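Below is one structure, written out as structure tokens; the observations come after it.
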Amino acid sequence: MTHSFSNLSLAEPLARAVAELGYESMTPIQEQAIPVVLQGKDVMGAAQTGTGKTAAFALPLLQRMLKHENSSTSPARHPVRALVLLPTRELADQVAQAIKAYAKYTNLRAAVVFGGMDMKPQTLELKKGVEVLVATPGRLLDHIEAKNAVLNQVEYVVLDEADRMLDIGFLPDLQRILSYLPKQRITLLFSATFSPEIKRLANSYLQDPVTIEVARSNATASTVEQHFYSVNPDDKRRALHQVLRQRGIKQAFVFVNSKLGCARLARSLEREGLKTTALHGDKSQDERLKALESFKSGEVDLLVCTDVAARGLDIKDVPAVFNFDVPFNAEDYVHRIGRTGRAGASGLAVSFAGGGNDVRLVADIEKLIKTKIELEPLEFEEDTPKIRDQGRINDGRRAWRDAGETGDPRDVLDAPPARAPRPQRTSHAPRDPFFDQPYQAPANDAAPAWEAAARSPGSRSISANIKPKRKVAALFKS
DNA sequence: AAAAAAC
């Protein structure tokens, strides 16, 4: 059979691990990407989630690392040869576990570093030497700065969820990390969604790349049944109860647009008798792992979450995804509903469109996935409990009003206080030239020049660079 | 608009 892993002539230790994991036939992305990566080409890979992307890049990389010894004469005995970057901690953990399983019978070592955890164990592991390093950007920069991780011999870089890694929130950190790597290297980019702008940007990081598009990019899995219900924002919780019951849904992701809304919704649903946990970025890493674990084990039925859980998380048999809020970005819709209907299973995606911009957001989604969306009315049944919000459940401002005696909204939440805003890095070199421009205090109280620039026509392309500079200015002033 | 990512 041509589609079988056994036809790949993988090195024996890899073949053994693959067999042990029960992998037999390759998925389309694996079939297309593995030979290309084996040849040492740069790749831009667009594939739906749940199609085996991790194995598609990790197996050929490990194979090459086994075949081609590190030719460097550096004293480092175990330099990092492959670097895999991801946008969330949970994803980094998940991908690292997969790679460790593939590399189990080789002498190649893999490690993962991400924030929210003690530095020390990670440092120890790095000092012992690892060939494959999986990381989130912030913590990796810390390790680079502390000289725990030396990346000057990296041969392979993988950006998973590449479109997120290249977006404005991550780009500065990403650029710094890339500046520590040898120019001569193999770069692989993977994501389910690629906007045209991101595609252009991505291409500037690739040399003569091979584009692999398994399904049309931005496509949703055909196995996922999608519904959009028109619901008064105050009735969304009631609608959720009803759909869960009507369809007999056992377990679901429930996506909410804000951390505050997430914590509040989870608490409400819990009170209403549903076994629920919340997952968002203001929880401690320990709580985040516990939340995910309790969902995986079936201890809870509903995982109410922000977009921290939108991408890549591979949990078997999630029957349904709810968009309690329509996501702000159409791309996130594709990623969110990709949590269900994985690996050919059937799935259900139910979105509630209510107030605000929802009509426009739904139109954006329609355009992106190139599928007509019907907004369906939702008739409430008599025996659905009459739950009604006094205000929008996901309106953060309301939580402040409800904050109880102390006036602190955290009193009504299970979330720990939010992290302080991240100060700008100052010591990582080399730096983005834009950040190196000394801050010019505006004369008297006139608006700084960049404000006018940001408003002037044609400045759209640089406005993204302008915002961080303002923060730098704020730091200098205080 | 929001979320994510560091001590």
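Naming: A, B, ... by sequence-line order, numbering from 1 per chain. Quick caveat: nothing in here was measured; it's all calculated off a predicted structure.
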- prompt: A/Thr306 side chain N/O closer than 4.0 Å to the phosphate oxygens (OP1, OP2) of B/dA4?
  reply: yes
Nearest-angstrom distance from the residue atom CG of A/Leu260 to C1' of B/dA1: 14 Å
message: Distance check needed: B/dA3 C1' versus A/Met165 CE, whole Å only.
response: 14 Å
- prompt: When the distance from CG of A/Asp364 to P of B/dA1 is rounded to whole Å, what number comes out?
  reply: 15 Å
- prompt: Taking atom P of B/dA5 as reference, at what distance in whole Å does atom CG of A/Leu166 sit?
  reply: 17 Å
field: Backbone of A/Leu91 reached by a side-chain donor or acceptor of A/Thr88 within 3.5 Å
entry: yes
message: Quick check: do A/Leu159 and A/Leu188 have side-chain heavy atoms less than 4.5 Å from each other?
response: no
- line: With the side chain defined as heavy atoms from C-beta on, A/Asp332 is closest, among B/dA2, B/dA4, B/dA1, to B/dA2
A/Arg288 side chain near B/dA5 phosphate (N/O to OP1/OP2, under 4.0 Å): yes
task: Please work out if A/Arg336 contacts a base, only the sugar-phosphate, or nothing of the nucleic acid, heavy-atom cut-off 4.0 Å.
output: nothing
query: Between atom CD1 in A/Ile168 and atom P in B/dA3, what is the gap in whole Å?
result: 18 Å
- prompt: From B/dA6, B/dA1, B/dA3, pick the nucleotide closest to the side chain of A/Phe328?
  reply: B/dA1
ring-ring contact (aromatic ring centres under 6.0 Å, His included) partners for A/Phe295, two or more places apart: A/Phe253
message: I'd like to check A/Val318 versus A/Gln251 (side-chain heavy atoms, cut-off strictly below 4.5 Å). Are they in contact?
response: no
- request: Rounded to the nearest angstrom, tell me the gap between atom CZ in A/Phe170 and atom P in B/dA6.
  value: 8 Å
query: Base, sugar-phosphate alone, or nothing: which one does A/Gly169 contact when heavy atoms must sit under 4.0 Å apart?
result: base
- prompt: Got a sec, which pairs hit side-chain hydrogen bond (donor to acceptor under 3.5 Å, both in side chains) with one end in residues 289-301 of chain A, sequence neighbours left out?
  reply: A/Asp286-A/Lys290
field: A/Ser258 side chain, from C-beta outward: closest of B/dA6, B/dA4, B/dA2
entry: B/dA2
- prompt: Hey, does the side chain of A/Thr136 come within less than 4.0 Å of B/dA6's phosphate (OP1/OP2), counting only N and O?
  reply: yes
- prompt: Can you check the A/Asn323 CG to B/dA2 C1' distance for me, whole Å?
  reply: 14 Å
query: Nearest to the side chain of A/Asn329, which nucleotide is it out of B/dA2, B/dA4, B/dA6?
result: B/dA2
- prompt: Nearest-Å distance, CD1 (A/Ile177) to P (B/dA4)?
  reply: 18 Å
message: Whether A/Arg89 contacts B/dA4 is assessed here as follows: a side-chain N or O lying under 4.0 Å from the phosphate OP1 or OP2. Is that the case?
response: no
- line: Side-chain atoms of A/Asn357 come closest, of B/dA4, B/dA6, B/dA1, to B/dA1
